[in-house]
Amino acid sequence: MRRSSEPLIAETQIQAAVTRLAAEISERYRNCDTLVMVVVLKGGTIFASDLMRRISLPLAVEYIRAKSYDGIDSLGDVLLPVLPEQPLRGKSVLVIEDILDTGRTTSAIMKTLNEHDPASLELCVLLDKPSRRVVPVDAQYIGITIEDRFVVGYGLDHDERYRNLPEIYTLEEE
Ligand code: XMP
Ligand code: MG
């Protein structure tokens, strides 16, 4: 498999979506002094680093890593081997993800973080593939909705490749 020669989503389109999301988030959290961005490793890091630099509010950044148990198809069976360092209790928590697909991992992440008793818990995703949804998930901030294609670039990988590309490509047979 390799990436398509032409991007599916150009860098300008990604950056416009990031700017719009940053404005929405800035408006929503403007009176909040305890915003904690929880970035889901590894795919969310590129998006989050662009996004947070366009939010001129005081905020803290935490990272989590999610791993699904292979072969187990039930909700909530997600390990979080990297957890936030600071307590989330009473904080306004915003989860940053690269892409919302079946919703399995994301809903389990939200459920686990909710057990930390945050004051509020919202989700921001750069990409959404609604046609793939198996588990319902509420994302309050969505960058770009796409068809059911496997995509790489701008944080998204195939076997750890392509994360560094500034555009988003589809994956194709060689
Ligand atoms: P859910 O739980 O929504 O999982 O099924 C979302 C996670 O699945 C990965 N994913 C992708 N990674 N290109 C990728 O590089 C894709 O098109 C894609 N679709 C889903 C990703 O890790 C995301 O966090
Ligand atoms: Mg991946």
Side-chain angles (χ1 to χ4, degrees), residues 1-11 13-15 17-18 21-22 25 36-52 61-84 88 93-116 118 121-174:
M1 303 295 281
R2 59 146 189 251
R3 70 163 171 91
S4 54
S5 50
E6 293 303 314
L8 176 70
I9 309 172
E11 185 175 9
Q13 203 186 337
I14 297 170
Q15 294 302 328
V18 174
L21 292 170
I25 292 164
V36 182
M37 262 194 177
V38 175
V39 182
V40 182
L41 294 170
K42 302 174 188 173
T45 56
I46 308 278
F47 170 42
S49 72
D50 278 346
L51 183 70
M52 73 177 82
V61 184
E62 292 288 336
Y63 295 90
I64 57 166
R65 185 138 176 73
K67 272 208 180 307
S68 320
Y69 287 109
D70 280 340
I72 297 178
D73 208 22
S74 68
L75 222 190
D77 288 323
V78 161
L79 285 171
L80 297 185
V82 175
L83 282 166
L88 300 179
V93 175
L94 178 63
V95 176
I96 310 293
E97 271 241 71
D98 51 2
I99 187 165
L100 189 50
D101 189 54
T102 65
R104 282 200 181 95
T105 323
T106 313
S107 70
I109 288 171
M110 301 306 278
K111 188 173 152 230
T112 304
L113 292 178
N114 203 35
E115 287 162 8
H116 292 239
L121 181 63
E122 291 192 317
L123 174 65
C124 172
V125 296
L126 176 66
L127 301 178
D128 184 18
K129 285 195 226 176
S131 63
R132 292 262 306 164
R133 203 79 83 252
V134 174
V135 177
V137 179
D138 272 337
Q140 287 71 28
Y141 313 95
I142 295 171
I144 300 165
T145 299
I146 60 168
E147 313 261 288
D148 180 13
R149 309 285 295 277
F150 194 87
V151 289
V152 295
Y154 198 70
L156 293 143
D157 75 303
H158 177 250
D159 286 345
E160 298 304 325
R161 275 186 71 190
Y162 306 123
R163 291 194 200 275
N164 56 322
L165 300 174
E167 312 86 10
I168 291 170
Y169 296 81
T170 57
L171 203 64
E172 296 178 338
E173 301 283 346
E174 304 224 17

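Start at 1 and go down the list; that is how both ligands and their atoms are numbered.
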* **Charged N-O contact under 4.0 Å between Asp128 and Arg133** => yes
* **Nearest-0.5 Å distance that lies between atom CG in Leu126 and atom CD1 in Ile46** => 11.5 Å
* Can you find a non-hydrogen atom of Gly103 under 4.0 Å from ligand 1? -> yes
* Asked: Among Val151, Leu100, Asp98, which one has a heavy atom closest to atom 22 (O) of ligand 1?
  -> Asp98
* ligand 1 and Leu156, any nitrogen or oxygen pair closer than 3.5 angstrom? -> no
* Taking atom 8 (O) of ligand 1 as the reference point, report whether a protein heavy atom occurs under 4.0 Å from it. => no
* Provide the atom name of the closest N, O or S atom of Asp157 relative to the Mg ion (ligand 2). => OD1
* Mind checking whether Phe150 has an N or O less than 3.5 Å away from an N or O of ligand 1? -> no
* Are Val95 and Glu122 side-chain neighbours, meaning at least one heavy-atom pair lies under 4.5 Å? -> no
* To do: Run down the list Val152, Leu41, Thr102, Thr105 and name the one with the heavy atom closest to atom 4 (O) of ligand 1.
  => Thr105
* Which bit of His158 is near ligand 1, meaning a heavy atom under 4.0 Å away: side chain, backbone, both or neither? -> neither
* Structure fact -> Going by the 4.0 angstrom heavy-atom rule, the piece of Glu97 near ligand 1 is side chain
* Taking atom 15 (O) of ligand 1 as the point of reference, which of Val125, Asp128, Asp157 owns the nearest heavy atom? -> Asp157
* Asked: For ligand 1, which atoms sit closer than 4.0 Å to a heavy atom of Lys129?
  -> 16 (C), 17 (O), 18 (C), 19 (N)
* Asked: Nearest protein heavy atom to atom 11 (C) of ligand 1, by residue and atom, and its distance?
  -> Ile99 CG2, 3.7 Å
